[in-house]
Structures are given as structure tokens and as C-alpha cells.
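Labels below follow one simple rule: chain letters A, B, ... track the order of the sequence lines, proteins then strands, and each chain is numbered from 1.
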Number of protein chains: 2
Amino acid sequence: MVAEDKLPSLSSIRAFEAAARVGSFAQAAAELGTTAASVSYHVRQLEQQLGMPLFHRHAQRVELTQGGAVIAREAMNAFAALRASFVRAVEVDESRLALTTLPSFGTSWLTPLLGGFRAKHPAIALRIDVSGDAEDLNDGRFDAAIRNGLGRWPGMRAVKLLPSIFMPLCSPKLKSAAAAALANPRKAPEVPLLGRPDWWTMWFRARGFSAGPSRDKFGTSLAHEYLDIAAAVAGQGIAIGSPLLFRAELDSGRLVPAHDTVGTDDRAFWFIYPAARQHSRKLKLFGQWIEDEAAKARAAGAGFIRRARG
Amino acid sequence: MVAEDKLPSLSSIRAFEAAARVGSFAQAAAELGTTAASVSYHVRQLEQQLGMPLFHRHAQRVELTQGGAVIAREAMNAFAALRASFVRAVEVDESRLALTTLPSFGTSWLTPLLGGFRAKHPAIALRIDVSGDAEDLNDGRFDAAIRNGLGRWPGMRAVKLLPSIFMPLCSPKLKSAAAAALANPRKAPEVPLLGRPDWWTMWFRARGFSAGPSRDKFGTSLAHEYLDIAAAVAGQGIAIGSPLLFRAELDSGRLVPAHDTVGTDDRAFWFIYPAARQHSRKLKLFGQWIEDEAAKARAAGAGFIRRARG
DNA sequence: CCGTAGGCTAAGCAAGACTTATGGTCGCCG
DNA sequence: CGGCGACCATAAGTCTTGCTTAGCCTACGG
């Protein structure tokens, strides 16, 4: 009969609370977007579970009983507190955005631009993870990610940012030596090649060579693309990398294209986040911002993109 | 996505609250008497409705997110407050019992005994209504009633108290005159008859007279049985009434049976209350008490009851 | 290395919630 | 004073929601 420690049906409590607040089943029904019959049913339900009347039924109106008034007061408070807590929690959640990104993309392209986002949306604190592992976006640790792929992630919303293109980049001092080194993938090494062998293979294929470069053409293998690029800047070899991600190095003249051919693996960098969270304000804001920045980068590197071949 | 002013599903909030409190979906499920799958479903539900994660999912355990913690705290408070309010409301409700009763029964039999109930259960404040109207027991104004009838009230629990019997009662001084007056219902009046004509008719029928007393045998018609009895005590006529209800008058000698025949209409006085409230403590206590008192009265009046004829 | 614990997912099911329809009562208004 | 509208109660039928079962996966621990 009476609630030992179990709560009666919460749906009933909600109906009762609304009815108590507005003093009418019909109005309560309107507020809850349901029918008077439903409210009547729920109130009766609650009365049965409690074993006590909550309303005096008069012909045209209802009136709280003493006990009903006690519950009504507490229920109003409780629901108001709950409602407020949701709003507050959403605010808390919306105040910080955790993003996991590929190291190359994050380090070379994204990080330098972040100041712009901070200036535009100071209320959103960013946390960027460049660990490189494909972190789970559903376990609550990250809000969004930047990944490389074909744009097919089930359950995810994906925004295309930059195409995945690559070309040989080297220090201006190595430019002429590089031309010789790139003449034939099978020729003896003159200047070491840096970066992902698969990209090199694809790049040579884009130039018509069926075979990739032999193993002995490679220099030290480094863990990350941007480390290869740093080595190239230092004149230690020819790196293969994206002219979009490393535009700063090209613009400043620290690197130059070692050859005009641009390769692509037909993939792209995407900004992705769970489809369930597509209405989150912070995700909308960040997504809009990064898409704008990517558009600028695509425009600036349009010449490279146009020449890209798979 | 986000709760504008609508609350997300309360079932989900409850599941979430339990999970947050105990820190485990499985344990929460046990507490709620459901399964881990259900808890998981509800938490996910809530996360979708809010558009934000509430738990970090680790392999073997879950951990509240920042936002989740905010909600968890408020939800715990809210539920605790609700729970407390129900207990309090039940206490309030249980502390007062409103009873509506027939005037004769209430005034003559019940009221003098109430002191005993008050002494036994001082925590329950009684309110007795003797208006005589058959008040609705479902509109929350009354907890229980005492009615006369056959014990068939749909939706009600009914406890039989006293059989509805009646016999002529008069002042000792009128006893001999009364004998003459009752000899034949059609004889000219010598002493006026008081009380319900239908009872008089039934009573004469119980004695073998097919016709009831003629109209001119009646004295002033009074509104209530106990007023007729009071008139009889004052020597103004012969009243027809229950020797059980007016035992005090008989015991004290203020009234005596004017004839030994006892009539009955095969009805009884019942203590009734809504079946939905059968577990209410105050109703159980009062019901037990009044049943005991009625049993005593039946024992004391067993001689009358045995002789009753319809 | 396997057993156990904890959580996730899918699919089917059942109880509860809701709707529609109807009836009754009261109060208002012509 | 009778018709109408507002309001609540009730019944029956439908459908959503929440729950269960079953199976999978991962991490931890003996």
C-alpha cells in the first residue's frame, strides 16, 4: 500500500504535480500534451498506490487534500530542481569540448588556428588530444574527433574538411638533388625519402611507375608525419606530405615541392561526432568554425587539390 | 535535444539516479528490481534526450561525467525529497479519520463509545459527520462511513456491525397503556406511535397483522429516530427503535419494551470504506475497534436479536 | 588461459499509458 | 428553466514503452 522506500510510478507523480499546480485535470492535460482522461487515470493510480486521497473531487473542480498538498509542494520543488539540474548540466557540458585528432592534422594544421576559435567562442574551453589512437566517441571521454577515411562511420555525423593529398617536400637547398632522386623509384638512393612508404608508392604510381621505391631509398623511419616534415625542413631528406597541412612551411619557403605531381589516396580528413549529439551547441559552433577554416585552406591550396591523382 | 522545459523520461532519470548512486548498472538494476540491460537502455535513453554523455564507460565500470555528476546530485535530492513527502503525507493522512454516519447510529450508539477509541489511539483524530446524507466516499472528504443496507456496495469493503432490528419502546409509565395501543393496528389511537411508519408496518406484520397502523395513530413526525426516542423517554408516545442502539435507555430504565416482539428489515449497519484503502492503518485500527464494540453490543443484545422476525 | 564480472545490443513481448468515446454533473446564459 | 459548455469519471481498445531474454565483448584475476 504505502511507499516503504519505493517510489510510486513517476508518470503518475508528474501528472499529479501538474494537476496540483494548475488546479485542474484538463489544464494539466493540456500542459502535459495529453488528455484529461490520462491525468485522471494517473491521479487515481497514485491515490491507489498511496492508499490515500490526494484530491477532493467536486463537480467542476478538484481541490487538494491536506496530504495531497504536502506531496504537491515537494513534487513541484523536486521537479523544478530536476529541470534546473538538467539545464545546468548541459551548460557544464557545453562549456568544454574535448576533441581527439590525428597527430599530423592536429599539430600541423589545427593547433595554430585554435586561437581564432578561442577568440570567437571564449565560453567554450577546448581540450585537444593528439594521441593518434582512434578513441571511442561513445564512452563520454571525447565529444568529437578528426579522422582520416572515406566518411563512412555508422552512427556518426561527418563533415569533410580537407582531402588527403601528398607530394614530395624538401628544403630548397635539396631541390635539385631531389629531382634526380625522384626520377626513378628503383634508382640508387641519392637523397633519403622520408614518410609513409605506401604514400610514396601511390605517388610514384600516379607518375606511371608501377613499383614503389626500394627499401634502401628510405631514411630513418619516424613515428609521425610532422616529424618527417621537420626532418625535411632540416635538409635530411625528401618527405612526402600534404601541401595543405604544411602550407605554413611552403609559404615561408622552408619547404618547396620537390616535384609537381600530387598524389591522393581518395580519402579525406573528417570532423566527426555522434549523430545523437548533432544538436549540441558547442558541436555546432566548433563544426561550423572548423568547416570554415577548412574551406579557406582548400581555397588556398586549390592548385594542389586540382592536380591530385590517385 | 535539450530539455527546454520538458523533463526527459522519468523512468530514465530514476534508472540513472540509481546507477549514479551505486556506481554500477548491475547493482542499480538489482536495487530497482530489474536487469542491467534495462538500466543500460535507460541511461542511454537519457543521454540521447539530453544530447550529452552522463557516464564515462570503462570496460568494467562506469564513471560519472561532470555533467552527469551535476544531475546525479540533484536527482538524488529530488527523489529523496519526493520519498519523504510521501511518507509525510501518509502520516498526515493517517493522523485524522473522517467518518460519516447515520444520525441515529452516530448519536445514540457510536458517540458515547468514541472516548474509548480516543484513549486507545490518541494519535488518530476523529471527525464524525452525522448529517445523514450518503456522502461520497470517493471524493476524499470522508475516509469511511456507517450505512444501513444489505452489505453490497461495489468497490467498498463492508464490515457488518449490528442487525437492523426494532421494537416498540416507551416510558415505563406508559407501559400498560401501550399494551392496549399495540393490540390492534387499526384500533383507535390511545397513545401516539412515534417513528418510521414502515417499521411499524413491518413490526405489526411480524405479529401477524397484514395492515400497518392507520395514519391517525401517529404523533408528530420527527426527523430522526433518536428524536422519536427522546420523545418516548419524555412519555409522549411509543417509539419504534432498535434495542441495540438505545441500550443505554433500556439499561437505565428510562425506556422499556412496550411489547416483546422484535422486528427486522433484514438489513444491518455496516462499517464501509473504499476497497482501495483497505491497507490504511487508521482504517484497520478503527475498523477493528468498531467491530469489537459491535460484537460486545450484539452479545449484550443477543436476546433481542434472537427474537427478531422479518 | 580460461572463468567471471560487467556492460552492450538486438529482438520479442507484455504491462502500462494513452486515446477515443461516452456519460454524468454542475454552472452559465439566454 | 432548459440548453450548452466545461469538467471529471469510466470503459474499451490500441500502442508505446520499458523490460526480459539471449548472446557478445572486454577486462580482470586466479
Looking at five pairs on each end of the helix from C:dC1-D:dG30 to C:dG30-D:dC1, what is the angle between the two axes, given to 10 degrees? 20°

B:Phe286 and B:Tyr273: aromatic ring centres closer than 6.0 Å? no

How far apart are the closest heavy atoms of A:Ile71 and B:Ala89, and which atoms are they? CG1-CB, 3.3 Å

Base versus backbone protein contacts along nucleotides 15-21 of chain D [heavy-atom cut-off under 4.0 Å; B, S, -]: ---BSBB

Regarding A:Ser280 and A:Glu94, is there a side-chain donor-to-acceptor distance under 3.5 Å anywhere? yes

Does A:Thr111 use its side chain to pair, donor to acceptor, with the backbone of A:Gly106 at less than 3.5 Å? yes

When you measure from the side chain of B:Glu47 to the backbone of B:Phe55, do you find a donor-acceptor pair of N or O atoms at a distance under 3.5 Å? yes

Looking at A:Arg61, I'd like to know whether one of its side-chain N or O atoms comes within less than 4.0 Å of OP1 or OP2 on D:dC8. no

Between side-chain atoms of residues 20-34 of chain B and protein atoms elsewhere (two or more places apart, or another chain), which donor-acceptor pairs fall under 3.5 Å?
residue: B:Arg21; atom: NE; partner: B:Glu17; partner atom: OE2; Å: 3.0
residue: B:Arg21; atom: NH1; partner: B:Glu31; partner atom: OE1; Å: 3.2
residue: B:Arg21; atom: NH1; partner: B:Glu31; partner atom: OE2; Å: 3.2
residue: B:Arg21; atom: NH2; partner: B:Glu17; partner atom: OE1; Å: 3.0
residue: B:Arg21; atom: NH2; partner: B:Glu17; partner atom: OE2; Å: 3.4
residue: B:Arg21; atom: NH2; partner: B:Glu31; partner atom: OE2; Å: 2.8
residue: B:Ser24; atom: OG; partner: B:Ala26; partner atom: N; Å: 3.2
residue: B:Ser24; atom: OG; partner: B:Gln27; partner atom: N; Å: 3.0
residue: B:Thr34; atom: OG1; partner: B:Ser38; partner atom: OG; Å: 3.4

When the distance from CG of A:Leu54 to C1' of D:dC8 is rounded to whole Å, what number comes out? 16 Å

So, is A:Arg44 close to the D:dT10 phosphate, meaning a side-chain N or O under 4.0 Å from OP1 or OP2? yes

Short of 4.0 Å, heavy atom to strand atom, which residues of residues 21-31 of chain B count as contacting DNA chain C? B:Ser24, B:Phe25, B:Ala26

Bounded by its outermost nucleotides with an atom under 4.0 Å from a heavy atom of chain A, the footprint on DNA chain C reads C:dG16 to C:dG27

Readout for nucleotides 25-30 of chain D: B = base within 4.0 Å of protein heavy atom, S = sugar-phosphate only, - = neither; 5' to 3' it is --BS--

